[in-house]
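Heads up, the thing below is written out as structure tokens.
Predicted model, so just to flag it, every value in this text is computed and none were measured. Counting convention: from 1, in listed order, for ligands and their atoms alike.
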Amino acid sequence: MDARQEALRRAYEHAAAWLASLDGRPVPARASVEEIVGALGAELPDGPSPPSDVVDLLATACEPGLTAFPGGRFYGFVIGGTEPAALAADWLVSAWDQNCVMRAVSPAYAAAEDIAGSWLLDLLDLPSGSAVGFTTGAMMANFTCIAAGRDAVLRRAGRDVARDGLAGGPAVRVLVGEDRHMTVDLALRYLGLGRPEPVAADDQGRIVPEALRAALAAGGRSPTIVVLQAGDIHSGAFDPFAETIRTARAADAWVHVDGAFGLWAAASPRYAHLTAGCPEADSWATDAHKTLNVPYDCGLAIVRAPSALRAAMGKRGDYLIQHDEGDPTDKVPELSRRGRAFTVWAALRSLGRSGVAELVERLCRHAGAFAAGIAGIDGARVVNDVVFTQVCAEFGSDERTERVLARLLADGTAWISGSTWRGRRVMRISVSNWSTTDEDVTRTLAAIRRACAD
Ligand SMILES: *Cc1c(COP(=O)(O)O)cnc(C)c1O
């Protein structure tokens, strides 16, 4: 066996052992950064080492410092796991090592991206013919879509941003719900648009249509972008799309939807009502590495008018071999990047239409079970309307909620983070992993009950 094959074989064995350990191991990492640095060794070696030894050292030294993110009892932030076909496809992506810039040079990549893109539009009920760019995550998908929107609204005002830049041009107003995700603000910062104007949201974080109408009316005819949200990270709530998009369109605004995890509601007949009206927007950001459960990293930037996306992200290079209708690189900020669409194709091919719907419904069912279980604990209260995959709970006072969270983490059965929502500390549960079972939910609820025992 040559050195490369031996290294790959070791990597396979370590990966299989890691995945097999997920159900039994404590969810939090057991070792500190310093301990892992010590185990890896901080000295740069003077000379080469055999690849398989390097793989062995990496796997054994890092193992205690790994968090069981891809296991069934990780409910922090919004974190998906790794669906088996997608994980295996991701290994091929590394072995194939395709440069995905141009259609002409990797026909296989372009084909997978075309197919996965059209399947996504179908499943998410978005306009066929929209452009789908494969980004690192929803943060960069927000950036990409809002870049297309910024340039489009300024073009309508007679400004060519690609040629003339922003300085000296008309100001762009950006209206956002006050409970938007912080990556929207970050995208606006990168795009030179500064701070957005927050519009009032209701007790579940949904933008208030009348407040949006009033804010739009106050702006006269200035170029405007409205950012809506499908899936609030605390409540899981969805903005009222039909009404707000109608209002925004009447004001000639570009409408972008941040649907990092919530856009997937559209793939389930049972939850599709949550995204009603959403397809009328101009652009949508979502993640494949959350609800669809492909490995990191993969976000999706979807823009109704492909020409608007290409105007913002298109590239020219005399040394490139460019396709008249645009290349994969013309839909994303990067030039070279990883073949992310292969992994998305594999997840969708493996799950099929019914599998994606069933995945969304299962995540929601587990969230409902968490809410019911927590409501039965003395002194505990679920503070959001559980409409999708997110549950927030408090335990009588901020201090007690903190204590319950700390005990739960020390217990190790599950990983759940705290947050501050509507002025108080909450336990925030996000069910996003394909492999979470009823048994995982039962075990986690038992751990929460133990953490509550004073
Ligand atoms: C996770 C999330 C993001 C950011 O996504 P990344 O993939 O981490 O870049 C943006 N918006 C919402 C609503 C999210 O949940």
Option from Ser283, Ser130, Pro127 for which side chain to side chain contact (heavy atoms under 4.5 Å, CB included) with Val303 holds: Ser283
Salt-bridge criterion met for Arg103 and Asp327 (N-O under 4.0 Å): no
Distance flag, aromatic centroids of Phe77 and Trp415, threshold under 6.0 Å: yes
Trp434 and Pro84, any side-chain heavy atoms less than 4.5 Å apart: yes
Minimum side-chain heavy-atom gap Arg150-Val161 below 4.5 Å: yes
Validation row, ring centre Tyr109 to ring centre Trp96 under 6.0 Å: no
Under 4.0 Å from ligand 1 - residues by heavy atom, chain and number: Gly137, Ala138, Met139, His181, Thr183, Gly231, Ile233, Asp258, Ala260, Phe261, Asp287, His289, Lys290
